[in-house]
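Encoded as structure tokens, the structure appears first; notes follow it.
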Amino acid sequence: MITTRPRGTADILPEEAGRWRFVEDTFRRICREYNYREIRTPVFEHTELFERGVGDTTDIVEKEMYTFRDRGDRSVSLRPEGTAPVVRAYLESNLHSGPQPVKLYYTGAMFRYDKPQAGRYRQFHQLGVEALGSSHPALDAEMIAMIMDFYGRLGLKGLELHINSVGCPRCRLALKDELQNYLRPHAGELCINCKNRLERNPLRVLDCKEKNCDRIAVNAPTTLDCLCPDCGDHFDAVKEYLDRLGVVYQVDGRLVRGLDYYTHTAFEVMSTDIGSQSSIGGGGRYNGLVEACGGPPAPGVGFALGIERILLAMKGRGAYFPAGDRPDVFVVSADAECEKDAFDLLFALRKCGLGADMDYMGRSLKAQMKFAGKTGCRFVVILGGDELKRGSASVKDMTNGSQIELPLKGLAEEIKKLIGGN
RNA sequence: GUGGAUGUAGCUCAGGUGGUUAGAGUACCAGAUUGUGGCUCUGGGGGCCGUGGGUUCAAGUCCCAUCAUCCACCCCA
């Protein structure tokens, strides 16, 4: 059926698109202030990039990628996330041999073959930033502060910021041992998933939401219990920088993010009122990723935010959105003979930079007025035989209904003055 | 991938136990004395009742399948 969109996709209609633009514009502004520069990468990549970069044991790669073979028999995939492509570009264009860190931001569509539900789509849109080449804890803090700053400017409230450190690979190994020792006696009480996780990836038992698992996990050793001295220092420094900025956070030793490449700092922002898909943004440090992608050892930090979920949270809280675009002027012809003059006038107005439109449905004067009212225009210019004889036009202010007659010559400039005057 | 709910005009929804030409509100269009919006009144256009099967003399109404949406699990943005 050609009149239905693919499952899990959405059309962003004009009214909604205005809200998207508001979110995106706010993001771009903040990126400029924090000195992150835009990067645009392809919407599809070699499948191998995601297998290596995201991790081939993650759900994303195992069962959620849009993968296909192109006509040259190459396996390519629609990007399921933005970090791996940015890292690839960083390497491919030798950005790592320039001044570090390289601070980049991106916006765009991502694709995941999930079952759609509230706040979860197959094509969704992310805003993200990555800072490559520095392992300084102030950078982790800057990024977390930046997200909260961004949400604040959108008028989002009722958010929870959770932070954690998942340590380096050595810490993880230690934790894995500790966890398995703690969990094995409880194995019989865990859910089926967690029984499997116990041997393969016991970290994930920590944020299982099953009641029994949750109860057991509360007392389990966390990532924080197993941090090596270096990782502990790094995390303390991140917290200190956040404290200096007055950023409010909760340390959550059970926060384990799904992607394999995270090391050290991990963070996530939750909204309490958008349904079960409550995460509206998250990120962390990934010091092993660049190397895993075939580059030199280079650290990185980044985050990604979901636009759809941000919008959901904003609507849930009745957040402010700026008014949509509307024309400055609508040109109305009082009788059919004036239509061509109205057309000329319309283009004269536009040439002066005014947003202008007219009726294209052959409507009566009354209907044209009605239609003009619905466009939300500020002024209506009425052109009729009487006015034309005098070389003038009637200008009606739609906000108060007042009407004056002005000469056609220089009309656009006059209207500009009237708009500027308010 | 698993489970639950729903699917009637553009939109929001009515349509007891199956029975003639499927309704409302809203939106859209046109009128309400001769060149003017927002309020009010009147009229009008618009529906493969998601789709495909089945039961029945008869199905929007019952059964099955399928597709889609929503909700939860899972996962994550």
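Per chain, numbering begins at 1; letters A, B, ... match sequence-line order.
Nucleic acid contact class of Q123(A) (heavy atoms, under 4.0 Å, all strands): none. Looking at heavy-atom distances under 4.0 Å, I382(A) makes contact with a base. Residue contacts shown for F371(A) are absent, as no nucleic acid heavy atom lies under 4.0 Å away. Residue G128(A) is classed as having no contact, given no heavy-atom separation below 4.0 Å to the nucleic acid. Across all strands, G8(A) comes closer than 4.0 Å only to sugar-phosphate atoms, never to a base (heavy-atom distances). In this structure, A118(A) reaches the sugar-phosphate backbone alone: every heavy-atom distance under 4.0 Å involves primed, P, OP1 or OP2 atoms, never a base.
Side chains of E160(A) and T272(A): no donor on one and acceptor on the other come within 3.5 Å. At a cut-off of 3.5 Å, with distance as the only test, a side-chain donor of E142(A) or Y36(A) sits close to an acceptor on the other residue. Counted by atom type alone, E405(A) and S392(A) present one or more donor-acceptor pairs between their side chains at under 3.5 Å. Side-chain atoms of T223(A) and N164(A) include a donor-acceptor pair closer than 3.5 Å.
In this model, the phosphate group of C29(B) is approached by a side-chain N or O of K374(A) to a distance below 4.0 Å at OP1 or OP2. Phosphate contact (OP1/OP2 of C76(B), side-chain N/O of R112(A), threshold under 4.0 Å): absent. In this structure, K370(A) does not reach the G38(B) phosphate: none of its side-chain N or O atoms is under 4.0 Å from OP1 or OP2.
Using a 4.0 Å cut-off between charged nitrogen and carboxylate oxygen, D397(A) and R378(A) count as a salt-bridge pair.
Nucleotide C29(B): paired with G43(B) (Watson-Crick or G-U wobble, both distances less than 3.5 Å). The base-pairing partner of A14(B), taking Watson-Crick or G-U wobble contacts with both distances under 3.5 Å, does not exist among the strands shown. Nucleotide U55(B) has no partner under the Watson-Crick or G-U criteria, as no pair reaches both atom distances under 3.5 Å. If you check U6(B) for Watson-Crick or wobble pairing at under 3.5 angstrom, you find it paired to A68(B).
Nucleotides U21(B) and C64(B), compared at atom C1', are 31 Å apart to the nearest Å. Taking atom P in both A24(B) and A9(B), the straight-line distance is 14 Å, to the nearest Å. Here, A30(B) and C13(B) have their C1' atoms 26 Å apart, quoted to the whole Å. Nucleotides G38(B) and U26(B) are separated by 15 Å at their P atoms, to the nearest Å. When the P atom is compared between G47(B) and G15(B), the two are found 23 Å apart, to the nearest whole Å. Between C28(B) and C39(B), the distance separating the two P atoms is 10 Å to the nearest Å. As rounded to the nearest Å, G18(B) and A77(B) have C1' atoms that lie 48 Å from one another. Comparing U55(B) with G16(B), their C1' atoms are spaced 22 Å from each other, to the whole Å.
Here C73(B) presents its C1' atom at 12 Å from CG of D114(A), a figure rounded to the nearest Å. Rounded to whole angstrom, the span from the CZ atom of R363(A) across to the C1' atom of U36(B) amounts to 15 Å. The distance between atom CD of E337(A) and atom C1' of G35(B), rounded to the nearest whole Å, is 12 Å. Taking atom CD of E15(A) as the reference point, atom P of A27(B) lies 15 Å away to the nearest angstrom. Between the CG atom of D59(A) and the C1' atom of C73(B) there is a distance of 13 Å, rounded to whole Å. Note: CD1 (I147(A)) to P (A77(B)) measures 11 Å, nearest angstrom. If you take CZ of F267(A) and C1' of C76(B), they are 15 Å apart, rounded to a whole angstrom. Protein atom CD of E64(A) is 12 Å distant from nucleotide atom P of G1(B), rounded to whole Å.
For K396(A), the side-chain atoms get nearest to U36(B) when compared with the rest of U36(B), U69(B), A77(B). For K366(A), the listed nucleotide lying nearest its side chain is G37(B); candidates were C70(B), G37(B), U2(B). Distances were taken from every side-chain heavy atom of M369(A) (C-beta onward) to each of A77(B), U69(B), G37(B); the shortest belongs to G37(B). Comparing C73(B), C29(B), C76(B) by their nearest atom to the side chain of Q117(A) picks out C73(B). For R7(A), taking side-chain heavy atoms from C-beta onward, the closest of the listed nucleotides A68(B), U2(B), G35(B) is A68(B). Considering only the side chain of L365(A), G35(B) comes nearest among G37(B), A77(B), G35(B). Here G35(B) is the nucleotide among G35(B), U36(B), A77(B) with the atom lying nearest to any side-chain atom of D386(A).
Side-chain to base pairing of Q403(A) with U36(B): one donor and one acceptor N or O lie within less than 3.5 Å of each other. One N or O donor and one acceptor, one from the side chain of R120(A) and one from the base of C74(B), sit under 3.5 Å apart.
Here Y105(A) and F27(A) bring their ring centres to under 6.0 angstrom of each other. For F44(A) and Y66(A), the ring centers sit 6.0 Å or farther from each other.
For I274(A) and G373(A), each mapped to the nucleotide of RNA chain B holding its nearest heavy atom, the one lying further toward the 5' end belongs to G373(A). The residue among A367(A) and R122(A) whose nearest nucleotide of RNA chain B lies closer to the 5′ end is A367(A).
In the displayed structure, K157(A) atom NZ is contacted under 6.0 Å by at most 12 heavy atoms of other residues, nucleotides or ligands.
Aromatic stacking is marked for F124(A) over A77(B), as both cut-offs hold: 5.5 Å for the centres and 30° for the planes.
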